[in-house]
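Everything on this sheet refers to the single structure shown next.
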Amino acid sequence: MVRTNKDKLVMISVVGEVSSPQMRYPYRITTEGEAVILPGTGGVTYNLRVGDIAVGLKADHVEPGVSSKNKEKDAVGDLANTAYNLMSCLGNEAILMSGEAKGEKGIVVGKHGGIEHVLVDYPFEVLEKIVPGDKILIKAYGMGLELIDYPNIKAFNLDPRMIDKLTLEEKDGKLGVGVTHIVPAQVMGSGLGAFQVQSGDYDITLFDKETVDRLGLEDIRFGDIIAIMDTDHSFGRIFYQGAVTIGVVTHSDCVLAGHGPGVTTIFTSKSGSLEPYINPKANLALLWDLRESI
C-alpha cells in the first residue's frame, strides 16, 4: 500500500463534449519530405482503445476512444477548457450525459496538449453510440495528490484510486514502478520546455530505427505505463541527469518531425526516487480491467 493524502483532495465536476476531428491543412510533411493526408486528433475512434498498438498506424496524433473538450467561451478565452484539462485525472469516472449512450460510464485515460483534449475510454459497444457533441461529466479527483512516504516524488494527473492499480513496490527506499518501456531523454521531442505538466503530453520520437529496435519501442500501446530517464517534470519538462519520470501513452505516433506517441505525466522525481522495472502488463487496459486481454 502506498499512502496518499486522498482524504484531503476535492472531487469536483468538469464538463466537456465529444469533439469533432479538425484539420488545419490537408497535408502533413514527413521527416522524409513526403506529403501525406492522414486522420488525426478528435472525434470517436471506433476501432482503437487503450491497449491497442499506437505505432505504425496510418494516422498522425490519433487519439484512442473519445476525444473531448469544453467549448465554453468567455471574455478571457478558454478558461473552462483549461480547467477541464487541468482538473481531469487519469482514472476519473466519465459519464455520458446526453445522446444515445447517455448514462454510460468510462474513465479518463489521457490528455493531449496543443489540441487540449481529454481522452476517455469506453467499451467498443458504447463507442458505437457516441457522436461529436455528446456531453461528458467528469468527476475530477486527484489534483493535489501527494505520496506521503515519498516526499521526493511528485504526482500529477492521477486519480488516487489508480495508485492501487499500478504495480508499485518498495525498492531500497525508492518507489519501484512497473513499466512496459524505459525511454532515454534524448528521444523525447514535442513538449520539452512546457512550464507545467498537469495537462498536455510529451512525445517519444521514433525516427531512428536503430534506437527503436534497440529499445523495443515498435510495440508501444495506448495506455502503456512508461519511464523516461534523465527527465524532471517537477515544474515543467527539462533534461536533468538522474531524474526519472513516469507517464502513460495517450496518442499515436506521428510523421511530423519532433513528434511521436504522446505521454501524460503521472510521477516525477528529480532525485531519482523512482525505480522503473519492466512489466509487460503495465497498461491501463489491464491494470484497470478495461479489457480482458490486449
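Keep in mind that the numbers below use all heavy atoms, side chains included, and drop hydrogens, waters and symmetry copies. Heads up: numbering here begins at 1 and tracks the sequence.
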Taking atom CD as the centre, does Glu32 end up with more than 12 heavy-atom neighbours from other residues, nucleotides or ligands that are less than 6.0 angstrom away?
no

Are His117 and His251 close enough that their ring centers fall under 6.0 Å?
no

Please tell me whether Tyr150 and Glu170 have a donor and an acceptor in their side chains that are separated by less than 3.5 angstrom.
yes

Cation-pi, Phe267 ring and Lys154 (6.0 angstrom, 45 degrees):
no

Lys139 and Glu93 ion-paired at < 4.0 Å:
yes

Test of understanding: clusters of I, L, V, M, F, W, Y form through side-chain heavy atoms closer than 4.5 Å, transitively. Do Tyr141 and Val109 belong to the same one?
yes

Below 4.0 angstrom, N of the basic side chain to O of the carboxylate: do Lys129 and Glu100 qualify?
no

Flag yes if more than 12 heavy atoms outside Tyr46 fall under 6.0 Å of its OH atom; otherwise flag no.
yes

Around Phe207, counting heavy atoms of other residues, nucleotides and ligands shown, do more than 12 lie under 6.0 Å from its CZ?
yes

Which residue is it: Asp224, Thr180, Asp52? I am looking for the one with a side chain to side chain donor-acceptor pair (under 3.5 Å) to Asn283.
Asp224

Regarding Asn152 and Lys270, is there a side-chain donor-to-acceptor distance under 3.5 Å anywhere?
no

Any cation-pi pair here, Lys69 with Tyr84, using under 6.0 Å and within 45°?
no

Look at atom CG of Asp7 and say whether more than 12 heavy atoms of other residues, nucleotides or ligands are closer to it than 6.0 Å.
yes

Taking atom CZ of Phe235 as the centre, report whether more than 12 heavy atoms of other residues, nucleotides or ligands fall under 6.0 Å from it.
no

Is the Lys NZ or Arg CZ of Arg49 less than 6.0 Å from the centre of Phe124's six-membered ring, within 45° of the axis?
yes

Are Val118 and Ile136 linked, directly or through other ILVMFWY residues, by side chains that come within less than 4.5 angstrom of each other?
yes

Please check if Ile182 and Leu287 belong to a single hydrophobic cluster, counting links between Ile, Leu, Val, Met, Phe, Trp and Tyr side chain heavy atoms closer than 4.5 Å.
yes

Can you confirm whether Lys165 is buried at NZ, in the sense that more than 12 heavy atoms of other residues, nucleotides or ligands lie under 6.0 Å from that atom?
yes

Please determine whether residues Ile107 and Leu9 belong to a single hydrophobic cluster, defined as Ile, Leu, Val, Met, Phe, Trp and Tyr linked transitively by side-chain heavy-atom distances below 4.5 Å.
yes

Hydrophobic clusters here meaning ILVMFWY residues chained together by side-chain heavy-atom distances under 4.5 Å, can you tell me if Tyr202 and Val179 are in one?
no

Basic-acidic side-chain contact under 4.0 Å: Asp159, Arg161:
yes

Residue that, paired with Thr265, satisfies side chain to side chain donor-acceptor pair (under 3.5 Å) out of Gln198, Arg237, Gln196, His233
His233

Taking atom types as modelled and ignoring hydrogens, do the side chains of Glu34 and Thr30 form a donor-acceptor contact shorter than 3.5 angstrom?
no

